[in-house]
Asker: 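This is the structure I have questions about; it appears just below.
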Amino acid sequence: MKKLFSLALALSLGAALFAQEKKDVTLNIVPLPQHVQIKNGSFNINGNTKIVFDSDEDKKVAALFQDFLKSNYNLNLSLVKSVGKNSIYFSSKNANPSNKEAYELNIASDQITVKGKEAGLFYGMQSLIQLLPVDKKASIEIQQASIQDEPRFAYRGLHLDVGRHFFPVAFVKKYIDILASYKLNTFHWHLTDDQGWRIEIKSHPKLTQIGGYRNQTLSGNYKTDGDYDNTPYGGFYTQDQIKEVVAYAKSKYVTVIPEIEMPGHALAALSAYPELGCGDKPGPYTAAQTWGVFDDVFCAGKEETFKLLEDVIDEVIPLFPSEYIHIGGDECPKTRWKTCPYCQKRIKDNNLKDEHELQSYFIQRMEKYINSKGKRIIGWDEILEGGLAPNATVMSWRGDQGAIDAANQGHDVIITANSYGLYFDHKQGADQNREPLSIGGLSTLRKVYTADPMPTKISENNKKHVLGVQANIWTEYIGSSNKVEFTILPRVLALSEIAWTKPEKKDWKNFSEQRAARQLAKIDQTSTFYRVPEVYGIVDTTVYASEYTIRDLKPSVEGAKIYYTLDNYDPSELDLEYTGPVKVSVPNSKERVFKAVVVTASGKRSNYIRVNIINTKK
Ligand code: TNX
């Protein structure tokens, strides 16, 4: 009897556990919140639900939610000030006073409350948006739950290079929307490079009139193709457009950090003002038409160089409320400086050891100027060479060493290196034949997700100097906004999670197969492009067997279908649908290739994954 009783108990416990497991334990929010308690029941949003707010600031966020429901679910809810039943209440009252990005989201049977200050309230709303159903025609049932959330890192950034290719204001705003929807808070706008100067500077109009354009552009791959398109290319943002973007970003709680490159990556500027190159007869220069690193850089000996750059900074500062101005500092060859009488005189007059110290002089002098205007600088990790500017923040891109050195010297650091998969211009899959043209390298969704951007060699008490993490989108090989979207999605989802969520909470399977898959199903319904991740459950591999069963495949996008071939042709929706285990039988001394793809509701296809099955029996 006792035995029977304990068996029954075990069974019911098992059932309870099973039921719990079946529940949507993570609520499909990306990035994963720090604390989630799931409750029984749900809240139903219907035509009578009211959206409630307290302060005017709260109203802005409440109105964004109202707009979202209207444009996505065709539901027009009213915005009111008095709390009651059947309401969604946005409030900064009693919000976490210590962290403006923290929020609480409580979903009860008769009310949803979103509590947070400014960005925090906005992030609570973003989480709520993510909980809305994929099916836009279904009734809106939201699982009861309570969430307390705040970010791991204060700096969560995404960069965009508009120098190599130019992207219009409307797209830049869309880009900011994508960032903000995953709780990223910084847009690093790389505004100048060898191939184009993209920000209007009224005191030096030639920077954009001449430097904003190049005569032609390399087509194809820099290393293997090397032909040119014979077509002028260019564009720039007026200061009014810059203001418009900065104001838009502010409304989404995103800070815009402008980057003005110096002393290298300056060919476009030199094409406009050749007198700022090295030597007595500098130039002529043209904005670069191909990619890479160029020897012609700003002359560090001539006072006119600093005069122009200070004038530029004077116009840049009022446009950007950001605490930081990024001044580049990367990839500056010293070739010209070595033979330039002005640079050599500067070295001598200032008792500098060599051209590396001259680079340091350059950056430190600009830092001093920028500090005097109440702003701080960020530079790429080359600014460590020859002595770091005293108040500079380092953006570490060449592995960990820069980050370790800077943090251990007490400087703030932002991690962007591709050792963490943060070069989003790199390929998303290992096989170049299945990927669009890119710069090369590898940064898969999984690589981004599994990295922890906290270099272990930074001493414990200096870890606080790691402000956060950023992915860079260099656009040498990205000439269209569709391709930018493909480049950042879905990797931005992984970036957001490493930037926001505590590393011990990360779970690749839950992220990839459930939460990201849900968010991608939503993106699939929009006009935004994204890369469909490959099918989950198999990887490219070879097995030796006469019979092999492919099982447990999962689509990478919720609701998408999996199709396969067994004849080594590339599979598509015209082939067999995978609905359960597929037994592959291989005759003696033969090989069969199983290839599977994911095809989404909108018709987007993933790359295939293949399993070669070889029967070696004679
Ligand atoms: C290095 S990252 C660069 C860029 C290139 C990029 C290509 C950095 C500071 N400089 O100029 O676009 O590699 O991946």
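Note that the structure is a prediction, hence the values are computed from the model and not measured. Only heavy atoms go into these numbers, but all of them, side chains included; no hydrogens, no water, no symmetry mates. Each residue takes its place number in the sequence, starting with 1. One-based numbering, in listed order, for ligands and for the atoms of each.
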Asker: Between F424 and H159, does the ring-ring contact (aromatic ring centres under 6.0 Å, His included) criterion hold? Intermediate values first, please.
Answerer: CA-CA 10 Å; F424 282 7; H159 148 288; over 10 Å; no

Asker: So Y237 and F166, ring-ring contact (aromatic ring centres under 6.0 Å, His included) or not? Walk me through it.
Answerer: CA-CA 9 Å; Y237 306 103; F166 177 75; 4.6 Å; yes

Asker: Hey, mind stepping through Q241 and V172 against side-chain contact (heavy atoms from CB on, under 4.5 Å) and telling me if it holds?
Answerer: CA-CA 11 Å; Q241 288 175 318; V172 175; over 6 Å; no

Asker: To the nearest 0.5 Å, how far apart are CG in L445 and CG in L493?
Answerer: 8.0 Å

Asker: For ligand 1, what is the set of protein residues having any non-hydrogen atom at a distance below 4.0 Å?
Answerer: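 If the criterion is a heavy atom under 4.0 Å, then ligand 1 touches R164, H265, D330, E331, W380, W397, Y423, D425, I439, W474, E476.
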
Asker: For T501, check side chain to side chain contact (heavy atoms under 4.5 Å, CB included) against everything at least two apart and list the hits.
Answerer: P31, L32, Q34, E497, K505

Asker: Centroid-to-centroid, W380 to H190, below 6.0 Å?
Answerer: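 So the answer is no for these two rings.
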
